[in-house]
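Here the structure comes first, spelled out in structure tokens, and everything after it is commentary.
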Amino acid sequence: MTEIDQETARLAGRGDQQAFRRVYDCYAPFVWKVVYQTVSRDQGTAAEIVQDVFVRLHRSLKKFKGEARLSTWIYRIAYNAAMTRAVQQQKRRKQETPLVEAGGPAGIDTRLADRDLTDRILATLSPDERFLLMAREVNGLSFEDVAAVSGKSEGALRVALHRLKERIREEFGHGNQ
Amino acid sequence: MAINEGKFVEDLAQTPELPPELYGRILHGIHRAAVIRRTVLSTVLVALIVSAGSLLAVRQHQIAQNERSELASELESIQSFVNGDNIEQEYAQYALVDYSD
């Protein structure tokens, strides 16, 4: 994960607008990705959460003492905000039909069918599982980084990811040949 | 299987661009949060000052009332004395009077 220099972080904490903009430019793209991918890929909700994260960050930066990496600290705030919203969404949403039939309906564009399959798979995952999958498989974070952000142990994350991938393969592995 | 997984990960990676107007919204949110904080602090401060002022006014009123009562009592004694009343004799006299008859 990329890091901004301590001096910029310190200035941003003291209210320097230019420094805060540099912090935003450095970390917002990744925060956006994590949040968007974790909360069911809804742009409006993701934008609200990212806005909330950086407003809170602006107030909290002065308290950051440098005991951990700034990126880990920021992504942890984003992770918590995304989890809270995703759990709320999950409670409101009805159970979706998770499985796709082998072969799919005739005449449908393969790309759309793939996208539909992806969305269906994601709908069966918990917010934590979605985050883990995205962080590792898509964003290439190390287990150490994912553990630092999520607060879970590396060992538990490795086991969880392995089981998750097995489950996805079993349920969806033969679709869309 | 490998092709499906590859497509799945490829699809997962598709994320729209960070909305360009988002930073402006964040600055607006920061400004709003600061205004709310200042308003709350000012309200609490004013409430404290008004409460302290009210308590002080009530206390001063009580003190003033006590002083007036003592003064009134003193003036009454002085008046009785000036009228020729022997206050101490009257106290002794009335203390011996039996009103039960």
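Atoms considered below: every heavy atom in the structure, side chains included; atoms not considered: hydrogens, waters and symmetry mates. Everything quoted here is computed from the prediction, not taken from an experiment.
Residue Gln62(B) qualifies as enclosed at atom CD: its count of foreign heavy atoms under 6.0 Å is above 12. More than 12 heavy atoms of other residues, nucleotides or ligands lie within 6.0 Å of CD in Gln43(A), so this atom counts as buried by the packing criterion. For CD of Glu166(A), the number of neighbouring non-hydrogen atoms (other residues, nucleotides, ligands) closer than 6.0 Å is greater than 12.
The two residues Pro16(B) and Trp32(A) make their nearest non-hydrogen contact at O-NE1, 2.8 Å. Between Tyr36(A) and Gln14(B), the shortest heavy-atom distance links the atoms CE2-O, 4.0 Å. Gln51(A) and Ile26(B) get closest at one heavy-atom pair: CA-CG1, 3.7 Å. Leu18(B) approaches Ala28(A) most closely through the heavy-atom pair CD2-CB, 3.8 Å.
Chain B forms the most heavy-atom pairs under 4.5 Å with one residue out of Arg21(A), Arg56(A), Gln17(A), Lys165(A), and that residue is Arg21(A). Heavy-atom pairs under 4.5 Å with chain B were tallied for Asp52(A), Leu122(A), Val55(A); the largest tally goes to Val55(A). Ranked by non-hydrogen atom pairs under 4.5 Å with chain A, the options Gly29(B), Ala33(B), Ala34(B) are led by Gly29(B).
Residues Phe20(A) and Ile30(B) form a side-chain contact, since some pair of their non-hydrogen atoms from C-beta on lies under 4.5 Å apart. Using a 4.5 Å cut-off on side-chain heavy atoms (C-beta onward), Leu22(B) and Tyr24(A) make contact.
Only the backbone of Glu17(B) has a heavy atom closer than 4.5 Å to any heavy atom of chain A. The part of Arg59(A) that comes within reach of chain B is its side chain, from C-beta onward, which places non-hydrogen atoms under 4.5 angstrom from that chain.
In this structure, CG in Leu27(B) is found 8.0 Å from NE2 in His58(A), a value given to the nearest 0.5 Å.
When hydrophobic clusters are built by joining Ile, Leu, Val, Met, Phe, Trp and Tyr residues whose side-chain heavy atoms come closer than 4.5 Å, directly or via intermediates, Leu57(A) is not grouped with Leu11(A). Cluster membership for Met83(A) and Val146(A), using ILVMFWY side-chain heavy atoms within less than 4.5 angstrom, is shared.
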